[in-house]
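Have a look at the structure below before the remarks.
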Amino acid sequence: MREYVVEELSTDHHGISDRQREITRLCIECGLLLLQHGAESMLVEQLTTRLGIALGAHQVNSAISSNSIVLTTIIDGRCLTSTRRIIDRGINMHVVTEVQHAVILVEHHLLDRKHLQKKLSSIKPLRYPRWIMVVMVALSCACFSMLNGGGWDSAFVTLIASGSAMFVRQVLTSRQMNPLINFCITAFVATSVSGLLLKTAILSSASSISMAASVLLLVPGFPLINAVADMFKGHVNTGLARWTMASLLTLATCIGVVLAMAVWELREWA
């Protein structure tokens, strides 16, 4: 088992040690990584507390809002508070799982502060190749079309429309496009492609359910689930902020759909 050396650390005129500063920084970096990649507020609060206690803090308190996190550690009666701004990096459960694993390793004394810092710095979001995302999203939307009464022709229309929309969404995301504009344009593309395909002679008999199924990739399910979970677990402000953002994304999707129907005079879905 790895042996650790107890070191004497300097303190400032407030009595705050370098050790407490490092523990506070590691705890808030842990919480920041979790919030940036879609973890619910209660999980962030629990993991930062567990990490601080495991590293030697006597108490860890955190306050989470929609765009920031404030964390305080208490060691030997001395408080140290740090604040970080949250920048949305996109939902990625790989990062959340890796942070949880790091906290567990610290609790079992398999990582010290130095190695934990290296571990957190090495955590990178797992990104699947773009073509795999396009294919899998297109197949899932096509399956939804068939499950809701569409035939093979409807599934084909949905496959093409949702695949095109997912490709556009990824391109816009890579260009740091505002999520609301991204969803609106993606919904416009999905509805346009599916509606125009339904106007062709070969696919005119396909069910109009394909138009609805082609925009299912834009349903903000994960933010809505987190919003409800936050509100049920006491983080009402954060839950309401996430609910509002999910509602705005839904509104942007609806605007894109209606705009496409108006531009191309699509009446199949209506």
Side-chain angles (χ1 to χ4, degrees), residues 23-24 26-55 57-74 79 81-107 120 123 125-126 137 140-141 144 147-148 169 173 178-180 182-184 186-187 212 215-255:
I23 292 174
T24 305
L26 289 171
C27 288
I28 202 166
E29 284 184 9
C30 168
L32 191 63
L33 273 174
L34 292 169
L35 289 170
Q36 285 178 336
H37 293 92
E40 63 174 281
S41 301
M42 181 58 72
L43 177 64
V44 176
E45 188 177 285
Q46 291 175 345
L47 286 179
T48 52
T49 300
R50 287 168 52 187
L51 178 61
I53 299 300
L55 290 174
H58 298 154
Q59 188 176 346
V60 179
N61 298 314
S62 58
I64 301 170
S65 67
S66 59
N67 58 0
S68 64
I69 175 173
V70 180
L71 186 139
T72 300
T73 58
I74 301 175
C79 300
T81 301
S82 183
T83 304
R84 294 289 189 278
R85 179 175 175 82
I86 301 169
I87 300 175
D88 186 16
R89 304 292 186 187
I91 297 170
N92 196 301
M93 289 297 101
H94 170 73
V95 174
V96 176
T97 303
E98 287 296 309
V99 173
Q100 287 180 300
H101 184 236
V103 172
I104 293 173
L105 289 178
V106 173
E107 289 180 323
L120 294 178
I123 297 176
L126 177 62
V137 168
S140 63
C141 290
F144 272 113
L147 288 173
N148 285 276
R169 178 181 175 181
T173 301
N178 183 286
L180 298 176
N182 187 335
F183 271 52
C184 183
T186 303
V215 296
L216 286 177
L217 62 100
L218 298 175
V219 175
F222 203 91
L224 286 173
I225 292 172
N226 275 350
V228 174
D230 283 348
M231 286 188 284
F232 268 101
K233 295 177 183 179
H235 296 271
V236 178
N237 292 335
T238 307
L240 288 175
R242 288 181 170 179
W243 184 280
T244 302
M245 188 60 190
S247 300
L248 288 175
L249 292 174
T250 304
L251 176 61
T253 301
C254 294
I255 292 174

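All residue numbers in this chain count up from 1 along the given sequence.
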Mind checking the [atom1]-[atom2] spacing from [X] to [Y]? Nearest 0.5 Å is all I need.
{"X": "Asn148", "Y": "Leu216", "atom1": "CG", "atom2": "CG", "answer": "8.0 Å"}
{"X": "Thr48", "Y": "Leu32", "atom1": "OG1", "atom2": "CG", "answer": "11.5 Å"}
{"X": "Ile225", "Y": "Asp230", "atom1": "CD1", "atom2": "CG", "answer": "12.0 Å"}
{"X": "Arg242", "Y": "Glu40", "atom1": "CZ", "atom2": "CD", "answer": "8.0 Å"}
{"X": "Cys254", "Y": "Leu249", "atom1": "SG", "atom2": "CG", "answer": "11.0 Å"}
{"X": "Met245", "Y": "Leu224", "atom1": "CE", "atom2": "CG", "answer": "11.5 Å"}

Cys79: which of Thr72, Asn61, Thr24 passes side-chain contact (heavy atoms from CB on, under 4.5 Å):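 With Cys79 as partner, Thr72, Asn61, Thr24 yield a single side-chain contact (heavy atoms from CB on, under 4.5 Å), made by Thr72.
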Shortest non-hydrogen contact between [X] and [Y], atoms and distance:
{"X": "Leu51", "Y": "Cys30", "result": "CD2-CB, 3.7 Å"}
{"X": "Val106", "Y": "Ala54", "result": "CG1-CB, 3.7 Å"}
{"X": "Ser82", "Y": "Ile28", "result": "O-CD1, 3.2 Å"}
{"X": "Ala39", "Y": "Val96", "result": "CB-CG2, 4.1 Å"}
{"X": "Ala252", "Y": "Phe183", "result": "CB-CB, 4.2 Å"}
{"X": "Pro125", "Y": "His37", "result": "CG-NE2, 3.6 Å"}

Could you tell me if the side chain of [Y] sits less than 4.5 Å from the side chain of [X], heavy atoms only?
{"X": "Thr81", "Y": "Val70", "value": "yes"}
{"X": "Thr250", "Y": "Pro220", "value": "yes"}
{"X": "Leu43", "Y": "Gln100", "value": "yes"}
{"X": "Gln36", "Y": "Ile86", "value": "yes"}
{"X": "Arg84", "Y": "Leu71", "value": "no"}
{"X": "Ile53", "Y": "Glu107", "value": "no"}
{"X": "His101", "Y": "Leu105", "value": "yes"}
{"X": "Ser62", "Y": "Glu45", "value": "yes"}

Donor-acceptor under 3.5 Å ([X] side chain, [Y] main chain):
{"X": "Asn237", "Y": "Ser65", "result": "no"}
{"X": "Arg169", "Y": "Leu217", "result": "yes"}
{"X": "Thr238", "Y": "Ile64", "result": "yes"}

